[in-house]
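Read through the structure below, which is laid out as structure tokens, and then see the notes.
If you read the sequence from its start, that first residue is 1, and numbering goes on from there.
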Amino acid sequence: MRIVQKAGLALASLFVIGAIGFYWNEARKEVVFLCGNFVEGVPEASVRRQLDTGNLLRYHTVDTHEGRQVRAESLMPFGVPACVVDLDAAGVVVAARLE
């Protein structure tokens, strides 16, 4: 009986670790792939529309002296990169990078 309980606990632990790993990887891919879409010349409306499709990320916009900066971050912790999109005063992408 004790062996069955230990085996069940081990199996449940593996399932939880696997689920966390799956969602972490999906969150990472979401940020990385979306960031790759933000090339020079893309309008801010397109950036926001694409970021709004993300299920495992959040983003915010900060005004800078050159325009605006959009920072998209994963909801998952532990080293998932953030996407930083620099916009000029007209609201057009100047550069996008992972940090």
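- When the salt bridge (charged side-chain N to carboxylate O under 4.0 Å, His left out) test is applied to Glu30, no partner is found at least two apart in sequence or on another chain.
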Check residues 52-59 and write down every donor-acceptor pair under 3.5 Å in which the side-chain atom is one partner and the other belongs to a residue at least two apart or another chain.
| unit_1 | atom_1 | unit_2 | atom_2 | d |
| --- | --- | --- | --- | --- |
| Asp52 | OD1 | Tyr59 | OH | 2.7 |
| Thr53 | OG1 | Gln50 | O | 2.5 |

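- Atom OG1 of Thr61 and atom CD of Glu44 lie 6.0 Å apart (nearest 0.5 Å).
- Both Trp24 and Phe22 belong to a common hydrophobic cluster when Ile, Leu, Val, Met, Phe, Trp and Tyr are linked at side-chain heavy-atom distances under 4.5 angstrom.
- The salt bridge (Lys or Arg N to Asp or Glu O under 4.0 Å) contacts involving residues 90-99 comprise Arg71-Glu99, Asp86-Arg97, Arg97-Glu99, where partners must be two or more places apart or lie in separate chains.
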Less than 3.5 Å apart, which donor and acceptor atoms pair up between the side chains of residues 5-17 and the rest of the protein, not counting sequence neighbours?
| unit_1 | atom_1 | unit_2 | atom_2 | d |
| --- | --- | --- | --- | --- |
| Ser13 | OG | Leu9 | O | 2.9 |

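- Residues passing the side-chain contact (heavy atoms from CB on, under 4.5 Å) test with Pro81 are Arg28, Val32, Leu98, sequence neighbours excluded.
- Identified under the disulfide (SG to SG under 2.5 Å) test for residues 56-99, with sequence neighbours left out: Cys35-Cys83.
- With sequence neighbours excluded, no residue forms a side-chain hydrogen bond (donor to acceptor under 3.5 Å, both in side chains) with Thr64.
- Every pair tested for side chain to side chain donor-acceptor pair (under 3.5 Å) that includes a residue from residues 74-83 fails, sequence neighbours excluded, so the list is empty.
- Residues Val92 and Leu87 fail the side-chain proximity criterion, which asks for heavy atoms closer than 4.5 Å.
- Hydrophobic clustering (side-chain heavy atoms under 4.5 Å, transitive across Ile, Leu, Val, Met, Phe, Trp, Tyr) groups Val93 together with Val39.
- Atoms NE2 and CD, from His60 and Gln69 in turn, are 8.0 Å apart once rounded to the nearest 0.5 Å.
- By the side-chain hydrogen bond (donor to acceptor under 3.5 Å, both in side chains) test, Glu26 is found to be paired with Lys29, residues two or more places apart in sequence or in another chain being considered.
- Using a 4.5 Å heavy-atom threshold, the side chains of Val42 and Asn37 count as separate.
- Hydrophobic side-chain contacts under 4.5 Å tie Val94 to no other Ile, Leu, Val, Met, Phe, Trp or Tyr residue.
- Residues Ala27 and Met76 share a closest heavy-atom pair of CB-CG, 3.5 Å.
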